[in-house]
Amino acid sequence: MDDLHLQPDARMLTVRDPGQAPAAQDADVEAARAGNAAAFERLYRAHVGRVFALCLRLCGDEARAEELTQDVFVRAWERLETFRGESTFGTWLHRVAVNTAMADRRAGGRREARVAIVEDPAALERAADGPGPGERMDLEEAVALLPPAARTVFVMHDVEGYAHREIAELTGRAEGTCKALLHRARTLLRERLS
Amino acid sequence: MMTHDEIRDRISDWIDGHLDQAESREVQGHLAECASCRTEAAEIRDVIEEAGRLPLEIAPRRDLWQGIESRIRDPRVIPINRPRPSLSRHRGLLAAAAAVLVITSSAATAFLLRGTGGFELAGGSDAAVQRTGTSGTAFVAFHPAEEEYLRAAEELEAVLEAGRGLLAPETVQVVEANLRIIDEAIAEARAALEADPNNRELVLLLSGAYGQKLELLQTAVHIQART
């Protein structure tokens, strides 16, 4: 049965900085910190795909993910002074994105009907827009239909590679609760995908 | 001894390696005997592996930059530690700088017209100031006016820097490029005056360069205040 084992937290999160040479990116970070919007746009272009993917999976709705992505970059602009270069800019930005998404959820943000429905875990089983008999649901679709709390933990742990300790810290939940939510998410996904 | 349901609840933790040795052995033993739990464990592992293969980047369908740009250019959004100067502060500083500009220009001109160092104007034009060749300290006598220029320039630069994010990057580049040119002119005039401290033509050149610097800074701050 050992072949079923995965190394714990094997995908520990370090977000590489895509598309730009490190020196060019460092220069853009410095310029953006000094208020240069053109430099900040280059950083946006290099990182928007990563941020949008995270927001989309965390909130489960494309329109909301676009709004959240914009919020993330505006927040990053406002907080650039706090970036000390101790991690890559991408890692720092990723953390800003998670915090923004969590704050949005805590604030009760806007909920699309589709997302609100699946606050009830049983809704996953009766999701009207799921695949018909004999059709297999795509993992992304199945993740979008998870209850928000379970979806958050699943995305952060299994997709993004955060450790339970970090997820607990970011979501304000106990580690044990995060583990239980992860198991719930995986079980629901397994049922939906098999 | 865990029940079947308790084992099922621990399958994720077991896969992730979060169980202690005793629990892990118990789950493993159960999986060896229970086909349904074995299948469930294998399928959960598949989900985890598939999640690990999901693309970490997804491009949004539309360009989101415009919405971001309009918000970061909004004066309400200022990076922290970069306080936005208030309009009233802008106005106060501009008025003060304008006054300094007038005063210092007048002081420099009066100083020159007065002929403190023993020089006189020919044709009534600053440009036609003629050096008389007497001993004197034209450069030293210009120092109070220079200090006023420097103080005014420093204040305007501080305002400009505080609201730097309000100006288009291209505008900032032009302002900075012109400031560099003027600063070079100031540096050259000062160096020449140090070598020839009684040269009033150089004093006029230095005064003119400072005046240009203040005017450029004032214009930039005006633009910034309107943004």
Side-chain angles (χ1 to χ4, degrees), chain A residues 1-11 15 18 31-41 44-45 48-50 52-54 56-57 62 65-67 69-70 73-74 77-82 139-140 143 154-155 157-161 164 179-180 182-183 186-187 189-191 193-194, chain B residues 8-18 24 27-29 31-32 38-69 71-74 77-82 161 163-170 172-173:
Chain A
M1 290 300 141
D2 277 347
D3 61 325
L4 291 179
H5 262 92
L6 295 180
Q7 287 299 312
D9 305 318
R11 304 182 74 208
V15 180
R33 206 202 299 260
N36 186 327
F40 191 64
E41 182 180 357
Y44 159 81
R45 303 268 171 226
V48 63
R50 191 81 170 83
F52 179 71
L54 177 67
L56 181 62
R57 288 176 180 136
E62 187 175 345
E66 288 179 354
E67 292 172 356
T69 299
Q70 291 180 320
F73 280 97
V74 171
W77 168 262
E78 291 171 327
R79 293 170 180 265
L80 264 175
E81 285 292 334
T82 67
L139 178 60
E140 294 277 20
V143 169
F154 177 79
V155 168
H157 189 277
D158 283 358
V159 180
E160 299 290 347
H164 279 297
K179 288 179 182 176
L182 180 63
H183 180 62
R186 288 170 172 175
T187 303
L189 291 170
R190 176 188 79 84
E191 289 168 2
L193 294 170
S194 59
Chain B
R8 282 191 65 198
D9 285 345
R10 282 169 171 74
I11 287 176
S12 267
D13 283 343
W14 176 76
I15 290 173
D16 289 338
H18 290 321
S24 184
V27 170
Q28 254 179 280
L31 291 178
R38 203 160 53 241
T39 301
E40 181 165 342
E43 288 177 353
I44 286 178
R45 186 198 59 183
D46 289 344
V47 168
I48 296 168
E49 288 182 351
E50 194 173 343
R53 288 194 299 268
L54 287 176
L56 289 176
E57 294 185 26
I58 300 173
R61 288 179 205 267
R62 64 187 180 91
D63 190 355
L64 306 176
W65 174 248
Q66 280 194 331
I68 295 165
E69 186 181 31
R71 287 169 65 185
I72 67 173
R73 287 197 190 283
D74 185 329
V77 179
I78 294 293
I80 60 171
N81 295 342
R82 276 180 263 166
E161 180 61 28
R164 190 186 177 98
L166 302 175
L167 290 177
E170 296 77 8
V172 173
Q173 282 178 2

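Chain letters run A, B, ... following the sequence lines, proteins first and then strands; every chain starts at 1.
- Every residue two or more places apart in sequence or in another chain that forms a side chain to side chain donor-acceptor pair (under 3.5 Å) with Glu43(B) is listed here: Arg190(A).
- Separation of atoms NE2 (His183(A)) and CG (Asp13(B)) is listed at 8.0 Å; rounding is to 0.5 Å.
- The contact between Phe40(A) and chain B is made by backbone and side chain atoms together, counting heavy-atom distances below 4.5 Å.
- Put simply, the side chain of Glu78(A) does not reach to within 4.5 Å of the side chain of Ile72(B), judged on heavy atoms.
- Nearest heavy atom pair, residue Pro55(B) against residue Glu140(A), reads CD-OE2, 4.4 Å.
- Side chain of Glu41(A) to backbone of Trp65(B): no donor-acceptor contact under 3.5 angstrom is found.
- To the nearest 0.5 Å, atom CD of residue Glu66(A) and atom CG of residue Leu64(B) are 5.5 Å apart.
- With contacts defined as side-chain heavy-atom distances shorter than 4.5 Å, the pair Tyr44(A)/Glu69(B) does not qualify.
- Considering only heavy atoms from C-beta on, Leu189(A) stays 4.5 Å or farther from Glu50(B) through its side chain.
- Interface remark: of the candidates Ala37(A), Ala180(A), Ala65(A), Ala37(A) forms the most heavy-atom pairs closer than 4.5 Å to chain B.
- Among Ile58(B), Asp63(B), Val47(B), Ile68(B), the residue making the largest number of heavy-atom pairs under 4.5 Å with chain A is Ile58(B).
- The shortest side-chain heavy-atom distance between Leu56(B) and Leu54(A) does not fall under the 4.5 Å cut-off.
- Closest approach of Phe154(A) to Ala51(B), counting heavy atoms only: CZ-CB, 3.6 Å.
- Using a cut-off of 4.0 Å between Lys/Arg side-chain N and Asp/Glu carboxylate O, Asp9(B) and Lys179(A) are scored as not salt-bridged.
- Counting heavy atoms from C-beta on, the side chains of Asp16(B) and Leu182(A) come closer than 4.5 Å.
- Residues Arg57(A) and Leu54(B) have side chains in contact (heavy-atom distance under 4.5 Å, counting atoms from C-beta outward).
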